[in-house]
Number of protein chains: 4
Amino acid sequence: MRANSGSDEQGRSFTERGRRAQIVAATVEAIVDLGYPKASFGQIAQRAGLSSTGMISYHFENKAELMRQVAVSVYGTAEELVGTRVVAADTARGQLRAFIEASVDFYRTHHRELRALTEILINHRDDQPVMPLHQRDIGALEELFRAGQRTGEFRDFDPHVMAVAVRHALDGVAMRLGTEIETDADSYARELVTTFDLATQARQEES
Amino acid sequence: MRANSGSDEQGRSFTERGRRAQIVAATVEAIVDLGYPKASFGQIAQRAGLSSTGMISYHFENKAELMRQVAVSVYGTAEELVGTRVVAADTARGQLRAFIEASVDFYRTHHRELRALTEILINHRDDQPVMPLHQRDIGALEELFRAGQRTGEFRDFDPHVMAVAVRHALDGVAMRLGTEIETDADSYARELVTTFDLATQARQEES
Amino acid sequence: MRANSGSDEQGRSFTERGRRAQIVAATVEAIVDLGYPKASFGQIAQRAGLSSTGMISYHFENKAELMRQVAVSVYGTAEELVGTRVVAADTARGQLRAFIEASVDFYRTHHRELRALTEILINHRDDQPVMPLHQRDIGALEELFRAGQRTGEFRDFDPHVMAVAVRHALDGVAMRLGTEIETDADSYARELVTTFDLATQARQEES
Amino acid sequence: MRANSGSDEQGRSFTERGRRAQIVAATVEAIVDLGYPKASFGQIAQRAGLSSTGMISYHFENKAELMRQVAVSVYGTAEELVGTRVVAADTARGQLRAFIEASVDFYRTHHRELRALTEILINHRDDQPVMPLHQRDIGALEELFRAGQRTGEFRDFDPHVMAVAVRHALDGVAMRLGTEIETDADSYARELVTTFDLATQARQEES
DNA sequence: CATGAATGAGGTTTCATTCAT
DNA sequence: TATGAATGAAACCTCATTCAT
């Protein structure tokens, strides 16, 4: 009848996972091309090579759920890419650097997904909110900062504000990478690393 | 027959300027309440105390133009408030501090306008694009940084990247102030000033 | 913006009352022609000479509300026609006869409205139910029966069951008049009057 | 390829008869729960424990045919239950009483089927019309009345109108038993028997 | 200036039905 | 037989915009 109950990808047939992924990808394209408000089922179906919008409704309970899945998908990819590189570092300072570099890297390689995610995060309003998403990032960063402060690597700043600053500074980079005519992603990464390194490190004259 | 040609407020009757301002304000409210995609003429008219959406079409050429005016209006207010405080400072460092503090101040006092502006910036797509808006801010910041680097107040970083970082870190604050349960705006301001102060100042051991 | 708030006809412009009546009439036609499930906005708009289904949504909050108005309208007409003839009679027995005769009369002259009403009563399911409608009729009949029993005109039966029997026997006539190839309405009336006269009157051998 | 040609249950495999009965039962449930217009194949399949609506299309030529089968099934059950009790009586008057009592009995024990049947009778429109169903009942009643009139048991009324009255008065009871908060079915039966007994019997003073 | 009415396009979603597996 | 996927039509409804008054 319908295959759209539940919201994770487990317990779904092979073909269905394929279709869902295809639709999610097409949604990203539609949002990037047309903007969230004009990313209609019609546009999405077209980009997914489907001959009917009914197919989308068949695979996703409704539009809100589809958008949620897009967010989850993009965020999942990002988390995996960034996460593995962060845990590979052994100092807090190194982890911060890894977080920034990996994030910029991700933005460079996935700027369309990222742009779509941003639009969804801004526009999606629902009872079932999409987003303990940025939240999760910010939480992780706060943790990182607090750990660094305990070991004395970092100076004594408000971990929350700093996490917000880092997170959204990166968002800024993301938005630029999507639209600007070939900005150099590496220089963004390099400068941001330096910036937040300076902003966080314990003052040397105090050591 | 129609009063909506052109896009600035000059050459308009008193009542018309009033209606336009009223509609712009109502648009802000609608966007904040419902999100950009659901901020329809109907909702806007309702919030403006108008009993017909025809009135909006009469005063604005189309929806895109209305949104453009909202952006211009909010951005104008912000620029005035922030600009006057920035020029009052006499060192580049002081100006950076003033920019950050004034911005946070503006966000605290105008977070609804700000939220609306953000949604418009993200969503608005048009042949006649609204917004070299952030652009203008970023340009001004770059200028400020370059000046500071020339006088030796600032270290040698990429002014563009730093401008983007500052601008979007502030955006992050803005988004938080709109939704978080009573975040302390002052502590955001204080921490961001310190952060970017540390990130930009010439290294003291090198002086 | 929209003229569809509230649900009675007061406080509406002349033109609007006209349009609403026109749409209600077209809804009756559509239901009779196609049946409730296929009486779509498209079909209704067509029959109302409207070039767009949007016009219906403009005048009625939603389909449920439109159906409610149809029911109210038909029932109102019936109540007026039947009511005036019932109160004109002075004995309970005479009132029962008047009720039956006037009802059959109404069915003959308004069998399309009646058919539509029946379909709506059966099919409409909503939180805001249409129908203390038959209920009202049945209540009135119970009252009539009880009065007649008090004066000794009627024998001692259960007024509720008898009311249900009368009301639904009349429904049966209604359904027949709509579909049968020219049944003689008068003979229906005559027979039903006799039937329920005999069924209700106090036994003469007991007097 | 398909098993749905024809419309009676003969010449069908055991499993197929089972599935068809199961689907018919589920259709009754769906109609009672949701109303005819919302009794979709999806809802029916769900209630039948089927995981695909394709199964329904496989077993029934189309939706109209399914509905026809539901009607036939319910009506068949009713006819059997009522019929056996009617023929057991030996006077026309006794048969009328039996018909009413057995009918009310059937409504009490099968009100869901009955409700579904009613909705189908009202809503079903097709080139291949379902239902000389009530018709058949009414025909039988007319026969019964005519027989009683010949033997002098009944007075001289129009058998058709009386049949319609009885038939639809019973429908009214059926509808009430489905929705009212515990109406006493027995009192309905008792009162209706008395009512139509009085309405039909030859006047004793004339004998 | 302002209103209410009208239009027509386009939105999401549900549905009966078909078909490959 | 049974399933899940696909299709395309049609459903209700909202919207920006226009126009007569």
Side-chain angles (χ1 to χ4, degrees), chain A residues 1-4 12-16 18-19 37-45 50-64 66, chain B residues 1-4 13 15-16 18-19 37-45 49-64 66, chain C residues 1-4 12-16 18-19 37-45 50-64 66, chain D residues 1-3 13 15-16 18-19 37-45 50-64 66:
Chain A
M1 245 109 61
R2 39 179 56 200
N4 55 19
R12 297 188 187 276
S13 81
F14 176 72
T15 19
E16 188 180 1
R19 267 274 176 275
K38 298 206 167 169
S40 66
F41 274 15
Q43 293 289 340
I44 294 168
L50 300 171
S51 55
S52 156
T53 68
M55 214 55 259
I56 302 176
S57 292
Y58 176 75
H59 285 288
F60 296 88
E61 187 140 5
N62 49 36
K63 204 180 185 186
L66 168 58
Chain B
M1 212 77 74
R2 26 183 64 204
N4 55 21
S13 82
T15 28
E16 186 177 1
R19 267 275 176 273
K38 297 202 171 170
S40 65
F41 274 17
Q43 292 290 339
I44 294 168
L50 299 169
S51 43
S52 164
T53 66
M55 218 55 264
I56 302 177
S57 292
Y58 175 77
H59 283 289
F60 296 88
E61 183 140 9
N62 52 33
K63 204 179 185 185
L66 167 58
Chain C
M1 241 111 60
R2 40 179 53 203
N4 56 19
R12 297 187 188 277
S13 80
F14 177 71
T15 20
E16 187 180 2
R19 267 272 176 276
K38 298 205 168 170
S40 65
F41 273 15
Q43 292 289 340
I44 294 168
L50 299 171
S51 55
S52 157
T53 68
M55 213 56 261
I56 302 176
S57 293
Y58 176 74
H59 285 288
F60 296 88
E61 186 141 6
N62 50 34
K63 204 180 185 186
L66 168 58
Chain D
M1 214 78 73
R2 25 184 65 203
S13 81
T15 28
E16 185 178 2
R19 268 273 175 275
K38 296 201 171 171
S40 65
F41 275 16
Q43 293 289 340
I44 294 168
L50 299 169
S51 42
S52 164
T53 66
M55 216 56 265
I56 302 176
S57 291
Y58 176 76
H59 283 290
F60 297 88
E61 183 140 9
N62 50 33
K63 204 180 185 185
L66 168 58

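A, B, ... follow the sequence lines: proteins, then strands. Residue 1 opens every chain.
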Approximate separation, where rounding is to 0.5 Å, of [X] [atom1] and [Y] [atom2]:
{"X": "B:M55", "Y": "B:I44", "atom1": "CE", "atom2": "CD1", "result": "14.0 Å"}
{"X": "B:S52", "Y": "B:F41", "atom1": "OG", "atom2": "CZ", "result": "11.0 Å"}
{"X": "D:Y58", "Y": "D:L50", "atom1": "OH", "atom2": "CG", "result": "13.0 Å"}
{"X": "C:R12", "Y": "C:H59", "atom1": "CZ", "atom2": "NE2", "result": "9.5 Å"}
{"X": "C:T53", "Y": "C:K63", "atom1": "OG1", "atom2": "NZ", "result": "11.0 Å"}

Provide, to the nearest angstrom, the distance between the [atom1] atom belonging to [X] and the [atom2] atom belonging to [N].
{"X": "A:I56", "N": "F:dT7", "atom1": "CD1", "atom2": "P", "answer": "12 Å"}
{"X": "A:L50", "N": "F:dT7", "atom1": "CG", "atom2": "C1'", "answer": "11 Å"}
{"X": "B:L66", "N": "F:dT17", "atom1": "CG", "atom2": "C1'", "answer": "14 Å"}

Practice problem: For A:Q43 and A:K38, work out which heavy atoms get closest and say how close. | Solution: CG-O, 3.8 Å

Quiz item: Minimum heavy-atom separation for C:A45 to C:I56, with atom names?
Solution: N-CD1, 3.8 Å

Exercise. Name the residue closer to the 5' end of DNA chain F, choosing between A:R19 and D:M55 according to the nucleotide with the nearest heavy atom.
Key: D:M55

Quiz item: Is any side-chain nitrogen or oxygen of B:S51 closer than 4.0 Å to OP1 or OP2 of E:dA2?
Solution: no

Quiz item: Does OP1 or OP2 of F:dG4 have a side-chain N or O of A:T15 closer than 4.0 Å?
Solution: no

Exercise. Would you work out how much the helix from E:dA2-F:dT21 to E:dT21-F:dA2 bends between its ends, with each end axis defined by five base pairs, to 10 degrees?
Key: 10°

Listed pairs, N/O of protein and of nucleotides 13-15 of chain E, under 3.5 Å:
{"unit_1": "E:dT13", "atom_1": "OP2", "unit_2": "A:K63", "atom_2": "N", "d": "3.0"}
{"unit_1": "E:dT13", "atom_1": "O4", "unit_2": "A:T53", "atom_2": "OG1", "d": "3.2"}
{"unit_1": "E:dT14", "atom_1": "OP2", "unit_2": "A:R2", "atom_2": "NH2", "d": "3.3"}

Practice problem: Choose from F:dA6, F:dT7, F:dT3 the nucleotide whose nearest atom is closest to any side-chain atom of A:H59. | Solution: F:dA6

